Novice: 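This is the structure I have questions about; it appears just below.
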Amino acid sequence: MKRAVIFGSAGQLGVELASVLAGREIEVICFARTAKGDHFAIDIADATAVEQALEQHRPSVVLNPAAYNQVDQAESDPMTAMQVNALAVRNMAVACRRIGAKLVHYSTDYVFDGELGRDYVETDPTHPIGAYAVSKLAGELYAQAYLDDALIIRTSAVYGPAGLHTNRGNFPELMLKLAAAGKPIKVVNDHIASPTYAPALAARTADLLDQSASGVFHIGGGTPISWYDWAALIFQAAGVTPDFEPTTSANYPTAARRPEYSALANNKMEALGLVPMPGLEVALKEYMTLRAPVA
């Protein structure tokens, strides 16, 4: 039986990866920032801890959805972003090379500057425009520097049922929380992403592993959409009608610059014969069904 180690196993994607891999008869060892249930505690920025964990469990594959994704805070604390998003990946890559394990590392659409005006493909030049984005690109480079067969998956605006229980939640939960508060809501309509459903992303990851894929792959939600239009779909799926209107990013200045158009094209993934990602409405319907018992 294959064995997988997941770092960041308590997050939205980590939870789904554990479920999908276990469903494919892969033994899964889970590591998170704090110990809880079947999640072991680890500081992935500690090279010795990472080396010891992988040496102890000897997995055939290591998956790293862990990330420091506080985009604005990274501008005032770039070192923490680099430690978690870059140097920790180096720790994993070095340890994976030592034991002969495959590394799957998750990156972001933010490695692009958003000025291309179309969905990004894997061969498009990267150009990060903030501390968080720089740290994520550095993580990609570390994985590629130490491993010949690393699998790097760039994704965008991930959301999944585990967001109900994580501290930072996700965009659908933020919108529904604001709607429940009954206050006017404004969402930017001049930034485009490709929101990605975590269970589907986890399943496509397993499919890529089945094909022994390596290199850089984009797995976004499959549909470029503005944050305003995305919020509108969320409210429609939830059956709520809040006081809601579009605005522009100029009205909401942030510490970090963000790419205006960072949607990802999934052509490379689909060319391998993988099932396309579900449409936004289909994914949202499933999401709402899964969250219903604890709504």
Side-chain angles (χ1 to χ4, degrees), residues 11-13 67-77 81 108-110 112-115 117 119 129-133 155-201 220-264 277-295:
Q12 291 185 96
L13 179 54
Y68 177 95
N69 56 13
Q70 299 180 56
V71 178
D72 291 318
Q73 189 172 325
E75 293 302 314
S76 59
D77 188 14
T108 173
D109 53 338
Y110 276 36
F112 300 110
D113 60 19
E115 297 182 4
D119 294 4
I129 55 175
Y132 162 77
T155 190
S156 172
V158 174
Y159 68 101
L164 287 164
H165 313 294
T166 56
N167 291 334
R168 302 196 67 220
N170 57 36
F171 187 70
E173 293 309 313
L174 173 60
M175 289 298 101
L176 294 176
K177 181 179 179 180
L178 293 175
K183 298 180 179 179
I185 302 171
K186 294 183 178 181
V187 181
V188 296
N189 66 354
D190 58 349
H191 280 221
I192 307 295
S194 44
T196 307
Y197 189 45
L201 174 56
T223 304
I225 191 170
S226 75
W227 291 95
Y228 172 79
D229 290 334
W230 174 223
L233 286 181
I234 293 166
F235 295 140
Q236 180 181 346
V240 297
T241 55
D243 183 357
F244 169 55
E245 64 181 56
T247 188
T248 65
S249 55
N251 293 321
Y252 286 91
T254 57
R257 295 169 61 199
R258 288 166 167 78
E260 290 188 5
Y261 192 114
S262 60
L264 302 173
M277 292 289 279
L280 291 178
E281 292 86 351
V282 172
L284 266 177
K285 182 178 180 180
E286 179 178 312
Y287 179 84
M288 294 299 170
T289 299
L290 291 173
R291 77 181 296 276
V294 290

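What you are looking at is a predicted structure, and each value in this text was computed from that prediction instead of being measured.
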Novice: Evaluate the side-chain proximity of Trp227 to Ile192: yes if any heavy-atom separation is below 4.5 Å, no if none is.
Specialist: no
Novice: For Gln73 versus Tyr68, what's the shortest heavy-atom pair and its separation?
Specialist: CG-OH, 3.3 Å
Novice: Quick one, Asn170 and Tyr287 - any side-chain contact, counting heavy atoms below 4.5 Å?
Specialist: yes
Novice: How long is the span from the NZ atom in Lys186 to the CG atom in Asn251, to the nearest 0.5 Å?
Specialist: 7.0 Å
Novice: Ignoring hydrogens and geometry beyond distance, is a side-chain donor-acceptor pair present between Asp190 and Ser249 at under 3.5 Å?
Specialist: yes
Novice: Main chain of Ala131, side chain of Glu75: is a donor-acceptor contact present, judged purely on distance under 3.5 Å?
Specialist: yes
Novice: Kindly indicate, with the supporting measurements, whether the criterion side-chain contact (heavy atoms from CB on, under 4.5 Å) is fulfilled by Asn189 and Thr247.
Specialist: CA-CA 6 Å; Asn189 66 354; Thr247 188; over 6 Å; no
Novice: Rounded to the nearest 0.5 Å, what separation is found between the CG atom of Asp113 and the CZ atom of Arg257?
Specialist: 8.0 Å
Novice: Please find the pair of heavy atoms, one from Ala231 and one from Met175, that lie closest to each other, and give the distance.
Specialist: CB-SD, 3.8 Å
Novice: Which heavy-atom pair separates Pro161 from Leu290 by the least distance, and what is that distance?
Specialist: CG-CD1, 3.5 Å
Novice: Can you measure from CD (Gln12) to NE2 (His165) and round to the nearest 0.5 angstrom?
Specialist: 10.5 Å
Novice: What closest approach, in Å, do Ile129 and Pro259 show between heavy atoms, and which atom pair accounts for it?
Specialist: CD1-N, 3.8 Å
Novice: Tell me the closest heavy-atom pair linking Ser194 and Gly222, and the distance in Å.
Specialist: CB-N, 4.3 Å
Novice: Arg258 versus Asp72: any side-chain heavy-atom pair under 4.5 Å?
Specialist: yes
Novice: For the backbone of Ala263 and the side chain of Asp109, can you confirm whether one donor and one acceptor N or O come within less than 3.5 Å of each other?
Specialist: no
Novice: Do the side chains of Val282 and Tyr197 get nearer than 4.5 Å, heavy atoms only?
Specialist: no
Novice: Which atoms form the tightest heavy-atom contact between Gly220 and Thr155, and what is the distance?
Specialist: CA-OG1, 4.5 Å
Novice: Nearest 0.5 Å, please: how far is CG in Leu178 from CD in Glu173?
Specialist: 11.0 Å
Novice: Are any of the side-chain heavy atoms of Pro195 and Leu280 separated by less than 4.5 Å?
Specialist: yes
Novice: Fit a plane to each ring of Trp230 and Phe171, take the angle between them on a 0 to 90° scale, and name the class: parallel (under 30°), tilted (30 to 60°) or perpendicular (over 60°).
Specialist: parallel
Novice: Less than 4.5 Å apart, side chain to side chain, heavy atoms only: is that true for Leu176 and Met288?
Specialist: yes
Novice: For Leu233 and Ile225, run side-chain contact (heavy atoms from CB on, under 4.5 Å): C-alpha distance rounded to whole Å, both residues' side-chain angles, the deciding distance at 0.1 Å, then the answer.
Specialist: CA-CA 10 Å; Leu233 286 181; Ile225 191 170; 3.7 Å; yes
Novice: Parallel, tilted or perpendicular: which one describes the rings of Tyr228 and Phe244, with boundaries at 30° and 60°?
Specialist: parallel
